[in-house]
Every structure is written in structure tokens, then in C-alpha cells.
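Single-structure report; data block below.
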Amino acid sequence: MGNLLEIKNLKVEFHLDERVITAVDGAYLNIKENEVVVLAGESGSGKTITALSICKILPRNAHIVWGVINLAGREMLCLNENELIKIRGKDIAYIFQEPVSFLNPVYTIGEQIIEVIKLHQGKNKKEAYEETIDLLKKVRIWEAKRVFQSYPHQLSGGLNQRAFIAMSLACNPKLLIADEPTTSLDVTIEKEILDLLLELKNKLKFSLLFITHNLSIAQKIADRIFIMYKGRVVEEADSQELFKSAKHFHTQELLSAYERIGRI
Amino acid sequence: MLSYLIRRLLGIIPLLLGITIISFAIIHLAPGKPTQIEQAFNPKVSQEVRLRLEKLYGLDKPLHIQYINWLVKLGKFDFGRSFIDERPVAEKILERIPITLTINIFSLILVLLIAIPLGVKTAVKAGSAFDHALTILVFLLFAAPTFWLALLLMQLLSIQLGWLPISGLKSLDFEYFSFGKKILDLAHHLFLPILVSTLGGFAGLTRYIRSNMIDALKQPYIYTARAKGLSQEKVIYKHALRNAILPVVTIIGLSIPGLLGGSVIFESIFAIPGIGRLFYEAVMSRDYPLIMAEVVLGGVLTMLGNLIADIAYGYVDPRIKYKR
Amino acid sequence: MKNTYLITGIAIISILSVIALLAPWISPYDPAMIAQDSLLIPPSAKHWMGTDSLGRDLLSRIIYGCRISLIIGVIAVGIAVFLGVILGSLSGFYGRFMDTLIMRFADIMLCFPTFFLILAVVAFLEPSIINIMVIIGLTSWMGPARLIRSEILSLKEREFIQAEKAIGASSARIIMRHLIPNAIGPVLVNATLGIAGAILLETGLSFLGLGVQPPIPSWGNILIEAKSTLGIAWWITVFPGLAILVTILGFNFIAEGLKKIIG
Amino acid sequence: MILNVIRISKYFPIEQGIFRREAGMLKALDEVSFSVAEFTTLGIVGESGSGKTTLAKIILDLIPATTGEIFFSEDFIRNFRKDTQIIFQNPYNSLNPKMRIFDIICEPMIIHKIVDRKHIRDKVVNLLETVGLSGDILTRYPHEFSGGQRQRICIARALASEPKFIVLDEPISSLDLTVQAKLLDLFIELKQKFNLTYIFISHNLGVIKYISDAVIVMQNGRIIERGKVGDIFNQPSEQYTKKLLEAAR
């Protein structure tokens, strides 16, 4: 089976006032259809920048120097902004670390979900409303109507993240990119969100690129794992295999720390 | 919401009292009695008048009694009578308010119309030549005293080019104009004051909106908006601008004291009969009831402005809760 | 990192300070010297900035005016910052009753348009330089006070202050070595902007005839004459205004530069 | 026992209205009692809002408790501020940004007059090396260091007063996993070297299991379960503890 997404030799630089920092330096990655791939690494290893590069939603001072990002046969880096905005939110969707700050504080949850449905599916207000309520129920928000009318700051972190997932899945994306979606949540909520994501993935058949620093999560959900270190992918392995025999010294270091304190 | 409003309204009572106490204190604790000064500067006031005035204003009584008497009168909107022409102070102030209000409202609208797009544009193009040029302009406008700008523009537009009248509100033969011509004449006279007032105001607001907008564009929810597939325009004007612009509501409230204070110089230069000029005249002629009344009025207006701005901000920004 | 704002600002203010200090030696004429034979002369080699309607040399008057403006700005803000730091620290440290009292008082003072307050007081006082400095100081301590208070409140929550308590540092030590060095930056920015504001206030007051009184030259009271010579003597409008502009620009640049340093 | 905590409660008043009358109480801690044996590590585990950090600050007398008492054994803790120390979660906030590393670390020594002036520099260098930093960073400022390095500087400062008891409040939570592991090993090494007693607060069960002798599980300001580390992790008796363990596995 072919790859849904393939990244090769990606290099991303940040242009600061006086210097240039290379955040990603020759990273590669591939994801098959309906697969869960975990991109793991410590802070500053370039995971998030790699993920944001896929849809070119990088910070202003970040520049993709070179690389290939291929989504189902389309060369993403050759597309212009008008072509890209048709892919963002429709074929590829994102969820992020702190749902409260990644949701716009001045719009209700409902308004933010309806916005993406109207944008990509051209539905009218009533249809979009009904679909939004459906979506919220799909992510197991029972009080869908109340959440619909709520602003992000009025909801808990867990509830916000569920709503965010609903928003991301509104247009049935082929690829969901989840950037540390549970890091800001308590462990008990974390488990609920992970279970929900895996369940939805099996039901809706999308590929999941999951970014985390938490090897315990990686072990639980991944089909394959890529380890990033200083802007490079230093190891790629099947989930089972990685925890048995890591090759790169950084992976070994990570695993030894993980063995001691990362799990119970 | 209702209980919040009631609590806020109750909260202004101590402020109101404070405003009256300070206004009272300034005038009564300053060296020299108002009536003495009145006499010294205005020889027309005879000894007899002075005594009559002292009695009229209860200046022979202890301070706290004077204060309470004054407060009771204030409560009935009785500000006393002017020393100069014996007319009720309230009447004198009321007839001056419309013109000051007109100028400030027009210039506020202009300021918003100019500052918001410029602020957004400079934020989106931060670091560009356009941004730098505007930054320099903003610094210059910030540093230039308004009355100097007024003098320069008068020199240029009124005297050298002769396009505009130098000062005043109406032409000499105003009374004989048709209605339409009256409006045109007023507009002709108000153009320069409104222009100067706008120049003085838009620099700060442009800078403020620029920095708010730059801040908003860095927020995480902007990544979300882009990840959704929204166009650049929608990301900027729907998601960032709304967040950047909400606090402007409070800025408008906070700008009231500056506008009132500024109107003193402003209206004196252009010879506009507004409350600023009235205050200036009152100060020059030591018209003590009028000074007191205007100081209290200034305080109360500012306080109300802040209150309304606060409530309005709570209304437009969902993050502000009507609690605490 | 080059801090162009700070460097430019400091350069401008240093030059102005030198001019103010050396006023008697560098000004070409006595600023009060009236010369009947040289009324309203345009800028020339003899009078670089021309003369006013009494024949006084404008350049000399502006040089002496620089003294007045800088002194009033610095001392008025000195008073305001002094009061603000004391009241703000009391408010921030002791909280509760003290805080409520001081901050309500500040709220009330902030309700008045500063210019109204100052004019009301000036109406009953001799408009001398000292009075003006004191009045501006007494009516502008609220900004620094609020700033200091909020700095202290936020610093108090910072963990390094908690850590200092835990190692047994005394209150005095925490204040002197930890709170003040960290709170001073924003206050400095505020004070620099405050000087610019105070100078603008003074020029406005003097322009209205309620500030520095003639024959003492101040940029504001030189401009009084600009009104009556409008269209006759452009230099009387342009030069004093430029002097104000450059001074305010200098202080605002320093403030902007300081902001960058504080981050 | 080096420390006895007896029925500590902490209520935060919720103020309302213009007169700031108290509209209610937020119970951050509710009748918390426990004790710590000398030379052991007590792990305190709980999710956000469980009251862990409030407890840490009360033990070190940084904030007052509403009710309850805290006793330190006089045999061990003679000079409270010298013999007890705390390390906080956020190393970016725990060091005065305006002070050099040398000044930061020698401050406790000056306050408690631990060494004379001549030897102060040697002692600071010694401390830095003890926590795994090089001795030539004395004149640098905190912002030049990474999170892990700053936390080591915090440790050196805590050790400078030669304490016997240290509260570690989520000391490694904001750091990367490999750095976490190295710091944990450092904590264990220091404990043996200086005969320390720890209270180690964390939301991470793996870390608690690794370092603690005894464990307290907290939720909403109350102690839900307590016991030896093996018992809690192998046979939890409370539903909440089971749920926590289940989620973390």
C-alpha cells in the first residue's frame, strides 16, 4: 500500500534578528492510510515545526529551505496559498496542545465548528448547525447544545479538546495531525481523549500523525514510531520493535529514562 | 448581569464622594479665599459684594458644613451663579456642551476610521518600509504639542493658502445664511479644529492597535484558523482583529480626561465656545463657582466614561465575567 | 543588538542638557534684552532664529527655555515617582485595607482630567515655576503608584521571591535585592514618558499664560506671541515648537529603547 | 519522625462585591495529616487542583494554614530557615533574573553565616560541581541556561544552607524525559551524600514510584490513600488510586 503522506529531506530555518536557527534539518516521515504514526522527541527536537510544515502554517519567521512533502501524490510545497487553503481543514486537520488557547476566545465553540463546515462543504446555516450538534455527540459530548453555545474559557480542558476534535473531523480529513493533544490534561482525562481518538480513527478511517514527548502514549497507540533529535529523524521503527531494540544512542537514552520513570 | 450593573452603580458612590471632596479641597485649601482673590483681580467687586458673596457661599461657616451644604446643592444640580454675569453656572455649562461634544465625536470617529486600518496594516506588514515610515510619523505626532500643530496648520491652511477661517465658529453674516449654507459654514469653521484633534489622537491609537494586532497574530488560535483552511484575509479580519480591537472600547473611555483637558488649549486657540474655553475663561477671571462646577463635571464625566467602557467591554468580550 | 532608539534618545537629551547647563555662556544675547531697533527680524546671521516683537533674540530665549523645561520635567516627575513608589509599595506590600485606601484614592484622582486639576489650582496660586512643578508632581503620582503596585504583586507570586523567603532572607533584603532591581525597569520607562508628559503640560500651561510667567522665557510662553504674529513672523511659531518636539521625541525614544532592554 | 503535619486545612476566601465580603470558601486543603520519617522520601501524588503545592508552601511556612499545626523534630531542625529548603517546579521563575549565579548561590551562606568570606568562592564552586555544573559559570546570569541547568542551580542554592529537609515541588515536571531521569538520580545521590529527608511532589506516578519510600495520594485537598510505595502501586485500595494507575499504564 502506498504512502498517504511522505516527507523527505525537510529543512526549516528560523530567521531571528541576528542569526538563523535550523529547527528541522533533513527530517523524513511517511504515513500509510489508516495508520497511527507517532513522532516522538524532546522539546526543541523539531517535531512541531515538521508537523506545521506539512500544511505550511509555520510562524512568520520560519522558512522551508528545501524538502519534499507529498500528500497522496500532490506536491504540497509546490502548491500556492489558494490551493493550500482547500487542503487545510479538509484533507488534513490539526489538533493542538492546549485547546483553550488554540480556540479563539471571542467565538463560541459552535461558531468555530460551523465556520469550517461552511467553508469546505458549502452548507447553509441550518444544515451546518445540525451537523455540528451531530459532531459534538460523536465525540461524546452529551450536552451538545450547551457546549455549542459556550465560549472556550467556560469549558474544562477535556471538554475543549473533545470539541476541538469534533471541529477537526468535521470534513472527514484523510490525515489528522495531533500535536501533543493530551499534554496539558490530567492523566485520567488523557486516557479518555486517547481512547476517543483511536475509536474515531477506526470508525472514520483516517491516518493519525501523533506528536508527543511521552513514550508511554507512543507505546500504547503507535503502529510505527519516528524519533526526532536535534531536527533530524534518528530512528524509525515498528512500535514493538523500538522498545525492544533501539539503535540510535539518543533513543537508547530516552528508553532507559522511560524504563525507569516513564512507566509504572 | 443585572446584579453586576447594580453593584457597579453602587460602586460609583464612593468615587463620586471622593471627586466632590477633592474638588472642594483644592479650592478651599488653596491659599487665599476665593472671594479675596475675586476682589483683588476684579476691582469691580466691592467690599459689600464680597461680604454678600461670603454669606451667599457660606464661606463664614466651618469647612465641613460648607462642604455638606455644597454637596446638598450639587445633589439638586444647583451649581450656584457665576461671579461674572450672575447667570446660573449649570446654564452656562449646558449651552457650551454641544460644540465640544460635536468636535470630539467627529474627531473620535475619524480617529477610529484612520487608526484601525492603519494599525492592522502596519501590524500585518510589520518591519516593512511602510511600517517604518508610519512609526516615524507616529513618533512625530506624539511629540508635537497639539497647540503647536494647530498654529502651524493655521499658518498654512488659513493664512498662506487662505482656504479656511482662522478661528471662531461662524462667519459674521451667519444669521443671514440659508440652512444649507449655515451647515457648510459651520463645517468650514470646524474643519481645522477637527483635523488637529484627529491628528493628535490617531497616532497613539494606531500604535496601540498595531501592537495588539501583532500580539493577536502570534496567538495559538491563529494557527488553528490557518489550519482550518481560512484565507489570509479571514484569519486577519475575523480571528485576529476581533481580539485586537476589543480593548479599544476601554481606551475610548480612558481618553475622556485627556480630551477634556486638551479642549482647554484647543478651544482657546480656535476661539471655539465650548466647555474647555469656558473653563479657561473661568480660571482667568477666577470665577470660582464655575471652576468648581467644571472640575466636578470633568471628574464625573471621566468616571462615567470609565464605567460605561468597562460595562461595554464586559459585554463585547466573552472572557470578562460579570462576577467579582 | 543595536538599540537605535535608546542611543538616539540619549544623544538628544544629552545635547539638550548641555545646552541647558551652559545657557549663560552659549546664548548669543541676553534673553530679556529688548532692542527697539530690531523688532521681528527674520532669521539671519546676526539672529539665527530671528527676533520677537520686542526685539529679543529668539535663539537665546529658546536656549534659556530649555533650562526651564528640563528642570520642570525632571523635578515634577521626581516628585510624582517619589510619591508613586512610596504609595504603590505600601499598597502592594500590605494589601487589604492599606491597598484599598490608596488605590481608591488613586482611582478618584485619576477621574480628574489632569489639566483641569492643575488649572483649578493655578487659578488660586501664584503661577511660579516651583508651584508648577509641585502641582504637576502632585497630580501625576497615580501612574507610577499603580505600576509599582502591580509589579510588586506579580513579583510576590514569582517563585524566586518565595525561594528567598525559604532560605531565610529578611523582608528588607527581599525588597532591596530582589523586588526593587526587578521592578525598577518599568518604573524607569514610566518616568521617562512622564518627563515628556510633564514638559508638554508645562508648555501648554505657559501657552495659556498660566505657567511660567514672562519675562522668564519658556517654550510655551514664547509661543503665546506666535498667535498674534501668525502670518507675520513664521519663525516665532516654528522654532519653539521644534524645540518642544525634539525634546519630547528624545524622551520618548529613551523610553522606547528602555522598553526593548526590559523585554 | 522529622515532621508531623496535623490536620492542616487551607481555605481561600472567595470575595465578592464592593465591600469584599466573603461569599464562600475554596477548600484547597481539608484536614490533611501525615508524618515524615528521617532520611526517607515521602511522595505526594495528585492531579492539578489537588492541593499539593499549597501543602508544600504551608509546610515551609511560606503561606499560613487556616487551621492545623506543623511540628518539626527539634533534634533535626534547629534553625528552621536554614535546615529546610524548597525547590519549585518552574526553573524559569525560580531564579532572580538580575543576579549572577555566584550571588544567587552564596546568598543562603551569607544570610546564615555558614562560611567565612575567604572560603565562600570555593564553597560555591564546590556546590556547583556537586550538582553537576562546571565551576566557571559564576559570573553568568540565569537566562543563559537551559531549564535543566537552572534547576541544578536551584538545587545548589538549596544545598548552600546545608539543609536536612527539602520539599521538592514538581521539580522535574517541566523538563525533558532524559533530563528528568538525570535529575532524579542526582536527587537520590544527594540524599545519600548529605543525609537528606525529602517530600517529593509530582503528578507523575512513574517518578513517584521511582523515588519514594512512602506515598500519599491526594484529590481535591484531601488525602485519599497512603502507604508504602509497593503497597500503593501493587494493591491500591481506593477507586481513585486505581483509576490513576490505570490511566498511567
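Since this is a predicted model, take the numbers as computed values, not measurements. Note on naming: letters A, B, ... go to the chains in the order of the sequence lines (proteins, then strands), and numbering restarts at 1 for each one.
- Ring geometry for A/Phe102 against A/Phe96 counts as parallel: the plane angle stays under 30°, on a 0 to 90° scale with 60° as the upper cut.
- Both the backbone and the side chain of A/Pro59 come within less than 4.5 Å of a heavy atom in chain B.
- Both the backbone and the side chain of B/Lys238 have a heavy atom closer than 4.5 Å to some heavy atom of chain A.
- Proximity to chain B (any heavy atom under 4.5 Å) is shown, for A/Gln112, by both the backbone and the side chain.
- In terms of non-hydrogen atom pairs under 4.5 Å with chain B, the most contact-rich of A/Tyr151, A/Phe164, A/Tyr94 is A/Tyr151.
- In this structure, B/Phe130 places its CZ atom where more than 12 heavy-atom neighbours from other residues, nucleotides or ligands lie under 6.0 Å away.
- In this structure, B/His239 has its ring center closer than 6.0 angstrom to the ring center of A/Tyr107.
- Comparing A/Ser168, A/Pro105, A/Gly89, A/Cys171 by heavy-atom pairs within less than 4.5 Å of chain B, the highest count is held by A/Pro105.
- Contact of B/Ala126 with chain A is made through backbone and side chain together, with heavy-atom distances under 4.5 Å.
- The closest side-chain heavy-atom distance from B/Thr198 to B/Phe106 is not below 4.5 Å.
- Taking the six-membered ring wherever Trp is involved, the centroid distance between the rings of A/Phe148 and A/Tyr129 falls below 6.0 Å.
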(Q) Could you go through B/Asp131 and B/Lys125, starting from their C-alpha distance and side-chain angles, then the distance that decides it, and tell me whether this counts as salt bridge (Lys or Arg N to Asp or Glu O under 4.0 Å)? (A) CA-CA 7 Å; B/Asp131 180 33; B/Lys125 297 191 171 181; over 6 Å; no
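- Heavy atoms closer than 4.5 Å to chain B are found in the side chain of A/Leu52, but not in its backbone.
- Side-chain contact between A/Lys56 and A/Ile69 is absent, with no heavy-atom pair separated by less than 4.5 Å.
- For A/Leu58, the part sitting under 4.5 Å from any heavy atom of chain B is the backbone (N, CA, C, O) and nothing else.
- Only the side chain of B/Leu246 comes within contact range of chain A, with at least one heavy atom under 4.5 Å from a heavy atom of that chain.
- The contact between A/Leu119 and chain B is made entirely by side chain atoms (from C-beta outward), counting heavy-atom distances below 4.5 Å.
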